[in-house]
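Only one structure is covered here, and it is reproduced in the block below.
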Amino acid sequence: MNGYRDQLDAISRLLTDILGDKVDVVTDSMADIQAGRTSILIDPPDLEWDRWADPETTWTITVLSGVSWKQPDALEKVFDIIGILSDSQRINLRKGVPATCNVLGGEIAGYALTLNPTDY
């Protein structure tokens, strides 16, 4: 298993490369998430051991956008980002579920995307 920081940095670089200026921030820190901005929050991975070896790591990213009083518009932007990620065929997506994030300025709409385990 690569180190946590190495995997996190690789995923962050990959997302930034795919999305460019379509998002305002790719981060692993809630402190960087702000209402009114389009953000990707990278959560710590789930770990699963099937045997006496390195664990299988499963990462989740949350695509967030908008402000609480314009969530339908925000979700349109979120779906655009999900489409770009899917079409790129460079991020191995497993599933997505609705998610929200409470920040100063309100609740932000989004989707939590689980990535299939792979070496990042």
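Please read all numbers here as calculations on a predicted model, not as lab measurements. Below, each value reflects all heavy atoms present in this structure, side chains not excepted, and no hydrogens, waters or symmetry copies.
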Shortest non-hydrogen pair, P45 vs T57, comes out as CB-CB, 4.2 Å
On the 0 to 90° scale, with breaks at 30° and 60°, tag the Y4-W59 ring pair as parallel, tilted or perpendicular.
-> parallel
Could you walk me through whether L19 and I84 pass the side-chain contact (heavy atoms from CB on, under 4.5 Å) check?
-> CA-CA 7 Å; L19 297 169; I84 292 168; 3.6 Å; yes
Minimum heavy-atom separation for L41 to M30, with atom names?
-> CD2-SD, 3.5 Å
Set of side chain to side chain contact (heavy atoms under 4.5 Å, CB included) partners for W49, sequence neighbours left out = L47, P55
Considering residues at least two apart in sequence or located in another chain, which fulfil the side chain to side chain contact (heavy atoms under 4.5 Å, CB included) criterion with A99?
-> T62, A112
Pair D32, T27: side-chain N/O donor-acceptor within cut-off below 3.5 Å = yes
In terms of heavy-atom contacts, V103 and I108 come closest through CG2-CD1, 3.4 Å
Go through T114 and T58 one step at a time and tell me if the side-chain contact (heavy atoms from CB on, under 4.5 Å) criterion holds.
-> CA-CA 7 Å; T114 301; T58 304; 3.6 Å; yes
Show me the donor-acceptor pairs, under 3.5 Å and distance only, between side chains in residues 10-17 and residues at least two apart or in other chains.
unit_1, atom_1, unit_2, atom_2, d
T16, OG1, S12, O, 2.9
D17, OD2, R90, NH1, 2.9
D17, OD2, R90, NH2, 2.6

Ring pair (Phe, Tyr, Trp, His ring centres under 6.0 Å) partners of residues 14-44, not counting sequence neighbours, each pair once | none
Heavy atoms only: give me the nearest I33-S39 pair and the separation to one decimal.
-> CD1-CB, 3.6 Å
Output yes when R5 and D28 qualify as a salt bridge under the 4.0 Å nitrogen-oxygen rule, no when they do not.
-> yes
Give the cluster check for L93 versus V97: same hydrophobic cluster or not, with ILVMFWY residues linked at side-chain heavy-atom distances below 4.5 Å.
-> no
A74 to G66 - nearest heavy-atom pair and separation | CB-CA, 3.6 Å
Taken in chain and number order and not counting sequence neighbours, the residues that satisfy side chain to side chain contact (heavy atoms under 4.5 Å, CB included) with D80 are E76
Excluding sequence neighbours, so at least two apart, what forms side chain to side chain contact (heavy atoms under 4.5 Å, CB included) with T38?
-> V23, D24, S65, K77, I81
If you take all heavy atoms of I18 and S88, which pair is closest and at what distance?
-> CD1-OG, 3.6 Å
Same apolar cluster: I61 and V25, side chain cutoff 4.5 Å | no
